[in-house]
Structure formats: C-alpha cells, structure tokens
Amino acid sequence: MRRRIRRVLFISGFAILLVIGIVSVLFQLFRAEFDHQKIMSEFHAQNIFPISEMITYEDDQIHTSYVGDLSKPKVLLIHGSPGYWFDFKNIFADKTLQEDYCIISYDRPGYGQTTVPVKKRLHDQAKVAATVLNHYGEPGEKFIVLGHSYGGAVLEQTILDYPAKISHAIYVAPCLSPEFQKAKWYNLMVSGGLANGVLPNELLNSNKEMMALEEDLGNNETRLHEIHIPTSYIQGKEDILVPYQTQAYYLQFHKNVNHILLDDLNHFVPWSAPELIVEAIKNANSSTYYSKF
C-alpha cells in the first residue's frame with residue numbers, strides 16, 4: 001500500500017513538474033517573440049512613435065509609454081497578470097484614436113521595465129496607477145481608465161481610492177468577483193515553492209497577485225456603492241479565465257452601466273477584438289453605442 005502511494009505521489013509530482021516546465025518554456029517563447037524593442041520596431045515600421053518614460057516611485061521606477069498629444073484627453077490602459085504595457089499595442093496603433101486622445105500604458109509592478117517589486121495588495125496597485133495619473137495629468141484633470149483582466153481589479157481599487165482622477169471606467173473581461181477569483185490548485189502549488197527557480201519571475205509575480213485577489217475583492221464589496229463614475233463593461237461568454245457571470249455580479253451593485261456580453265468573445269480582447277476597446281474609448285460618454293451588438 002505504501003509503495004503504491006509513493007508511486008502515485010511520484011507520478012503526480014513528475015506530472016506537475018512537467019506541466020510547470022512546459023508552461024515555463026511556452027512563456028519564454030512568448031517573451032522572446034514580444035518584447036519592448038520588438039514592439040517599438042513594429043510601431044516605427046507603421047510610422048507610429050510611442051514615447052517611453054520612467055516615473056520615480058519611492059526608490060524605484062515605473063516604466064510608461066504613451067502615444068499622441070499630451071494636451072488632448074488622456075486614456076490610461078492597465079494590463080492584466082502577467083502582462084506588459086504593449087499588451088495594448090493594437091490600441092496604440094489605432095491612428096483614429098490618436099487624433100483625439102493621448103493613449104498611455106505602463107508596466108505594472110513586477111513586470112517589464114518597471115523596477116517596482118510586485119505588489120500583492122490592490123491598494124498598492126492603485127497607488128502606483130495614481131502615480132502615473134498624477135505624472136501625466138494636470139491639476140484636476142480626469143482620465144478615461146481601462147483595465148483588462150487583473151487590471152480591472154486594479155481599476156476598481158483606483159476608483160475607490162482616487163475617484164477624483166477618473167472620468168470614465170472601461171472594464172474588459174475584468175477580475176471583479178471574489179467568488180470567481182478564488183485561488184486555484186495551481187496557485188496553491190506554485191505558492192508552496194515547488195516552481196521557484198523553474199517558472200519565470202513574471203509568472204511567480206502573477207501568482208502572488210492572484211493569491212491575494214479574492215480577499216481584496218471581498219473587502220471592497222462594502223464600498224462598491226461609493227462608485228458613481230460612468231462605466232462601460234465588455235465581456236464574452238468564451239472567456240476561459242474570467243467567468244462571464246462576473247458581469248452579472250458587477251451589475252448587482254451598478255445598474256447604470258453601458259455593457260455588452262458577446263457569445264463569441266474570449267478573454268483576450270486587446271488582441272482578438274481591439275475594435276471593441278477602440279469603440280468604447282471613443283464613445284465613453286455615450287449611452288447607446290452598444291445597441292448594435
């Protein structure tokens with residue numbers, strides 16, 4: 001019996017390590033294909049020239065990129081977990097947006113060229129986002145702010161902590177429901193240290209964020225009634241990472257939300273359907289633009 005148990009444990013452990021190894025290799029391949037310099041070269045070939053800056057944050061720096069005229073209305077894009085500023089490259093590349101807006105994104109703590117260590121708590125994530133808003137905004141200026149996936153949770157926290165800085169919120173497949181953001185078995189496994197030294201830092205940092213997410217979202221529930229900022233919400237039923245029922249959860253607290261739920265839309269909206277994000281930005285003050293879907 002003991003021998004059988006040992007064999008099962010050995011096989012299970014080997015299978016887990018194999019999966020971790022495969023995930024690590026795939027992520028390394030992705031990172032080699034999409035990095036800051038390659039994306040910038042791609043932009044330059046399209047005659048688009050984003051400007052990168054480093055913003056001081058305590059003893060570290062936040063890496064940002066923006067495209068467009070800083071005198072125009074500003075849009076801040078917050079990426080998911082893991083992720084990089086250039087996850088929104090299709091939004092940056094839309095020249096019709098550049099006519100009327102300045103588009104800004106940044107590498108969140110623990111990712112890309114930002115040197116700020118990973119922040120597990122949403123309050124700390126919101127503080128970093130507010131630092132970016134302060135850097136680019138004039139006194140009293142408000143931004144349209146968009147959050148994708150985990151970036152949606154950061155957006156919600158930023159609204160709660162710094163409501164005066166945001167004119168319109170755009171949620172894209174956001175992580176907002178504590179029920180649907182419970183730590184998964186693989187999060188628990190990675191947090192136990194089994195993957196240390198195997199997984200890239202970005203994936204380890206992502207796991208740290210996910211481990212704290214349910215608690216933070218649960219703590220925010222009692223404050224959700226404080227949010228009165230005009231909001232747009234994009235979600236798809238083919239989302240395999242954030243259950244589409246998250247939208248119904250959010251609408252329990254906020255009734256006046258411009259929202260769509262599409263049957264054939266997946267989680268990766270910035271890549272698979274960037275036109276929805278472009279449209280949401282252009283029509284942030286409209287209440288009818290989703291009527292055609």
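Position 1 is the first residue of the sequence, and the numbers go up from there. Just so it is clear, the model here is predicted, and its values are computed rather than measured.
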J.: Side-chain donor-acceptor pair under 3.5 Å between Tyr57 and Thr115, yes or no?
T.: no

J.: Find out whether Thr158 and Leu133 are in side-chain contact, i.e. whether some heavy atom of one side chain is under 4.5 Å from a heavy atom of the other.
T.: yes

J.: Please report the closest heavy-atom contact between Asn266 and Ser272, naming both atoms and the distance.
T.: OD1-OG, 2.8 Å

J.: In chain order, what residues pass the ring-ring contact (aromatic ring centres under 6.0 Å, His included) check against Tyr150, with sequence neighbours excluded?
T.: none

J.: Indicate yes or no for a side-chain donor-acceptor contact from Tyr111 to the backbone of Ser206 under 3.5 Å, with no hydrogens or angles considered.
T.: yes

J.: Taking only residues at least two apart or on different chains, which pairs with a member in residues 230-242 satisfy salt bridge (Lys or Arg N to Asp or Glu O under 4.0 Å)?
T.: Lys237-Asp263

J.: State whether a side-chain donor-acceptor pair under 3.5 Å links Ser232 with His168.
T.: yes

J.: Gln181 and side chain to side chain contact (heavy atoms under 4.5 Å, CB included): which partner among Val242, Asp216, Leu176?
T.: Val242

J.: His148 vs His267 aromatic rings, parallel, tilted or perpendicular, using cut-offs 30° and 60°?
T.: tilted

J.: Using the ring of each side chain (for Trp, its six-membered ring), is Phe86 parallel, tilted or perpendicular to Tyr84, with breaks at 30° and 60°?
T.: parallel

J.: Provide the closest heavy-atom pair for Leu70 versus Cys102 in the form atom of the first, atom of the second, distance.
T.: CD2-SG, 3.4 Å

J.: Kindly assign one of parallel, tilted or perpendicular to the pair Tyr171 and Tyr233, based on the angle between their ring planes and the thresholds 30° and 60°.
T.: tilted

J.: Between His63 and His36, is the ring pair (Phe, Tyr, Trp, His ring centres under 6.0 Å) condition met? List the steps.
T.: CA-CA 11 Å; His63 173 249; His36 176 81; 5.0 Å; yes

J.: Consider only side-chain N and O atoms of Asn134 and Lys165, and report whether a donor and an acceptor are under 3.5 Å apart.
T.: yes

J.: Going by atom types alone, do Glu209 and Ser81 pair a side-chain donor with an acceptor below 3.5 Å?
T.: yes

J.: Out of the candidates Arg121, His123, Lys127, only one should pair with Gln157 under the side-chain hydrogen bond (donor to acceptor under 3.5 Å, both in side chains) rule; please name it.
T.: His123

J.: Does any donor atom in the side chain of Ser105 or Ser65 lie under 3.5 Å from an acceptor atom in the other side chain?
T.: no

J.: Quick check against the 3.5 Å criterion: does Arg108 have a side-chain atom that pairs as donor or acceptor with the backbone of Gly83?
T.: no

J.: For Phe180, which fellow cluster members are found when Ile, Leu, Val, Met, Phe, Trp and Tyr are connected by side-chain heavy-atom distances below 4.5 angstrom, either directly or through intermediates?
T.: none

J.: Measuring only between side-chain heavy atoms, which start at C-beta, is Pro178 closer than 4.5 Å to Glu215?
T.: no

J.: Whether Lys282 and Glu279 form a salt bridge (side-chain N of Lys/Arg under 4.0 Å from carboxylate O of Asp/Glu) is what I want to check.
T.: no

